[in-house]
Amino acid sequence: MPKIIQGKFRILDNRKVGRGYFRMAIAAPRIAKAARPGQFVLLRCSNGPEPLLRRPFSFHRLRKNSFELLYKVVGRGTNLLSKKKKADTIDVLGPLGNGFNLRSPAILVAGGMGVAPLVALAEQLADRKQILVFIGARTKQEVLCRQDFKRLGLKVHIATDDGSLGYKGLVTGLLKKILLRTTNYELRTTIYACGPKPMLKELSQIGRRSGMTTYGSLEENMACGVGACLGCAVSTTSGYKKVCSDGPVFNLQEINWEQ
Ligand SMILES: Cc1cc2nc3c(=O)[nH]c(=O)nc-3n(C[C@H](O)[C@H](O)[C@H](O)COP(=O)(O)OP(=O)(O)OC[C@H]3O[C@@H](n4cnc5c(N)ncnc54)[C@H](O)[C@@H]3O)c2cc1C
Ligand code: FES
């Protein structure tokens, strides 16, 4: 098992990138070097005792000596994170979990905040001509990272629930529409996804019907983050698995979605 590092690291930047969205860069050469897309870190959000539990965040970008996180303020911990300043230190534990394998051709599907780890994945996938990106969000203002994918030369399809940008409807609806009219996608294409559970469930069905393997990063509330407390168990075709240490990336066709 790769070494898990814990320590206080320097914040290089922490800036607002949208309504309620922040991007934080942390200088941590040993963590950045060991990390793979799809893995995550646990952060202590304050220097005091509260909140007690560390919060999990996926690697958004991996650099030689640093990594970036993209996060949305949803509660106490993320609100405290958003107040951190450049040159503050932050307590980090990671890299944790098992990340994405790197296969192309690939289709990347992001739902909302789920776009965060898919940027790190896109940066490391070879043969970018064979990668399609789908981003789904509630509304135009919540479509994140479109330019990051475009800068990598990737074709990006957008869906918004309210139709304010791109296709009107769910990102899975757009994916189905494009797959139906595309004849050149291949069975060896891998779908990689991160987003809300209903989206991942539907992608597992799309993958099954089309013969494409579908990997997704699952989110569960976490306590220990290292496989010790069983707080993040999910039911799979081969028994219960821990999202923090067996995942967070799973073959979605192996998840028992009804439990
Ligand atoms: C492996 C993993 C990777 C993640 N990566 C990212 C990321 O890259 N960017 C990002 O913004 N968030 C990510 N999350 C979710 C993030 O951990 C939570 O948003 C955060 O812990 C909330 O902390 P809080 O104290 O601000 O909110 P809390 O006060 O703890 O909760 C506020 C609200 O957020 C909900 N919530 C809390 N934790 C989660 C969770 N794990 N999943 C879904 N909803 C949650 C609660 O149910 C509640 O409604 C990830 C979660 C996991 C498990
Ligand atoms: S959070 Fe403790 S086992 Fe996963």
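Every number for a ligand or one of its atoms is a count from 1 in the order of the listing. Every value quoted in this text rests on a predicted model; they were computed, and no experiment measured them.
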Heavy-atom protein neighbour under 4.0 angstrom from atom 18 (C) of ligand 1
no

Ignoring hydrogens and angles, state whether a donor on the side chain of S235 or N256 is under 3.5 Å from an acceptor on the partner side chain.
yes

Output yes when a protein non-hydrogen atom is found under 4.0 Å of atom 48 (C) of ligand 1, and no otherwise.
no

Close side-chain approach of K72 to F22, heavy-atom, < 4.5 Å
no

Determine the interplanar angle of the F59 and F67 rings, folded into 0 to 90°, and report it as parallel if under 30°, tilted if 30 to 60°, perpendicular if over 60°.
perpendicular

When distances are taken from atom 21 (O) of ligand 1, the protein heavy atom at minimum range is R55 CD, 3.3 Å

Measure A116 to ligand 1 on non-hydrogen atoms and call it side chain, backbone, both or neither using the 4.0 Å cut-off.
side chain

For E220, the ligand 1 atoms with a heavy-atom partner under 4.0 Å come out as 41 (N), 53 (C)

Option from H60, R63, R61 for which side chain to side chain donor-acceptor pair (under 3.5 Å) with E68 holds
R61

Which residue holds the protein heavy atom closest to atom 4 (Fe) of ligand 2, what is that atom called, and what is the gap in Å?
C232 SG, 2.2 Å

When you compare the side chains of T190 and T213, does any donor N or O come within less than 3.5 Å of an acceptor on the partner?
no

Could you tell me whether F40 and F57 have their ring centroids closer than 6.0 angstrom?
no

For Y71, is at least one N or O under 3.5 Å away from an N or O on ligand 1?
no

Could you list the atoms of ligand 2 found under 4.0 angstrom from a heavy atom of A228?
3 (S)

Judged by atom type as modelled, is there a donor-acceptor pair below 3.5 Å linking the side chain of S104 to the main-chain atoms of A126?
yes

So, Y167 side chain and G136 main chain: donor-acceptor pair closer than 3.5 Å or not?
no

Would you indicate whether the side-chain heavy atoms of E202 and K176 approach each other to under 4.5 Å?
yes

Pair E50 + R44: basic N to acidic O under 4.0 Å
no

State whether the side chain of R208 and the backbone N or O of M212 hold a donor-acceptor pair below 3.5 Å, judged by distance alone.
no

for atom 10 (C) of ligand 1, nearest protein heavy atom and its distance come out as M113 CG, 3.6 Å

Minimum-distance protein heavy atom relative to atom 11 (O) of ligand 1
K72 N, 2.9 Å

Quiz question for you: does at least one protein heavy atom lie closer than 4.0 Å to atom 23 (O) of ligand 1?
yes

Check: W257 side chain, L252 main-chain N or O, donor-acceptor pair, under 3.5 Å
yes

Could you tell me whether atom 29 (O) of ligand 1 has a protein heavy atom closer than 4.0 Å?
yes

Specify the protein heavy atom at minimum distance from atom 26 (O) of ligand 1: its residue, its atom name, and the distance to 0.1 Å.
T78 OG1, 2.4 Å

Using a 4.0 Å heavy-atom cut-off, say whether L70 meets ligand 1 through its side chain, its backbone, both or neither.
backbone

Can you tell me if N98 and Q39 form a side-chain donor-acceptor pair at under 3.5 Å?
no

When distances are taken from atom 32 (C) of ligand 1, the protein heavy atom at minimum range is V74 O, 3.4 Å

Given that the side chain starts at C-beta and the backbone is N, CA, C, O, which of these parts of H60 lies under 4.0 Å from ligand 1, counting heavy atoms, or is it both or neither?
neither

Taking the side chain from N79 and the backbone from G75, do they hold a donor-acceptor pair closer than 3.5 Å?
no

For atom 5 (N) of ligand 1, which protein heavy atom lies nearest, and how many Å away is it?
S58 N, 3.1 Å

When you measure from the side chain of T160 to the backbone of L165, do you find a donor-acceptor pair of N or O atoms at a distance under 3.5 Å?
yes

Find all atoms of ligand 2 within a distance of less than 4.0 Å from any non-hydrogen atom belonging to C244, and give their numbers and elements.
1 (S), 3 (S), 4 (Fe)

G225 heavy atoms, cut-off 4.0 Å: which ligand 2 atoms fall inside?
1 (S), 2 (Fe)

Would you mind listing which atoms of ligand 1 come within a distance below 4.0 Å of any non-hydrogen atom of N221?
37 (C), 38 (N), 39 (C), 40 (C), 41 (N), 45 (C)

Stepwise side chain to side chain contact (heavy atoms under 4.5 Å, CB included) test for D91 and L42
CA-CA 8 Å; D91 192 322; L42 284 179; over 6 Å; no

Measure from atom 7 (C) of ligand 1 to the protein's non-hydrogen atoms and state whether any distance is below 4.0 Å.
yes

Any idea which part of A233 is under 4.0 Å from ligand 2, heavy-atom wise: side chain, backbone, both or neither?
neither

Below 3.5 angstrom, do we get any N/O pair linking G77 and ligand 1?
yes

Among protein heavy atoms, which lies nearest atom 16 (C) of ligand 1, and at what distance?
P56 O, 3.4 Å

Going by heavy-atom distance to atom 1 (C) of ligand 1, choose the closest among Y21, F57, F40.
F40

Tell me yes or no: between the side chains of Y240 and D246, is some donor less than 3.5 Å from an acceptor?
no

Where do E142 and A137 come nearest, in terms of heavy atoms and distance?
O-CB, 3.5 Å

For ligand 2, which atoms sit closer than 4.0 Å to a heavy atom of A223?
1 (S)

My question is simple, although I want it checked carefully: is atom 3 (C) of ligand 1 less than 4.0 angstrom from any protein heavy atom?
yes

May I ask you to check whether G75 has an N/O atom sitting below 3.5 Å from an N/O atom of ligand 1?
yes

Using 30° and 60° as the class boundaries, would you call the ring planes of F100 and Y192 parallel, tilted or perpendicular?
perpendicular

Three-point angle C229:SG, atom 2 (Fe) of ligand 2, C224:SG, rounded to the nearest 10°:
110°

Provide, to 0.1 Å, the distance between atom 42 (N) of ligand 1 and the closest protein heavy atom, together with that atom's residue and name.
E219 OE1, 3.0 Å

For ligand 2, which atoms sit closer than 4.0 Å to a heavy atom of G227?
3 (S)

Got the closest protein heavy atom to atom 3 (S) of ligand 2, with its distance?
L230 N, 3.1 Å

What about N79: any of its N or O atoms under 3.5 Å from an N or O on ligand 1?
no

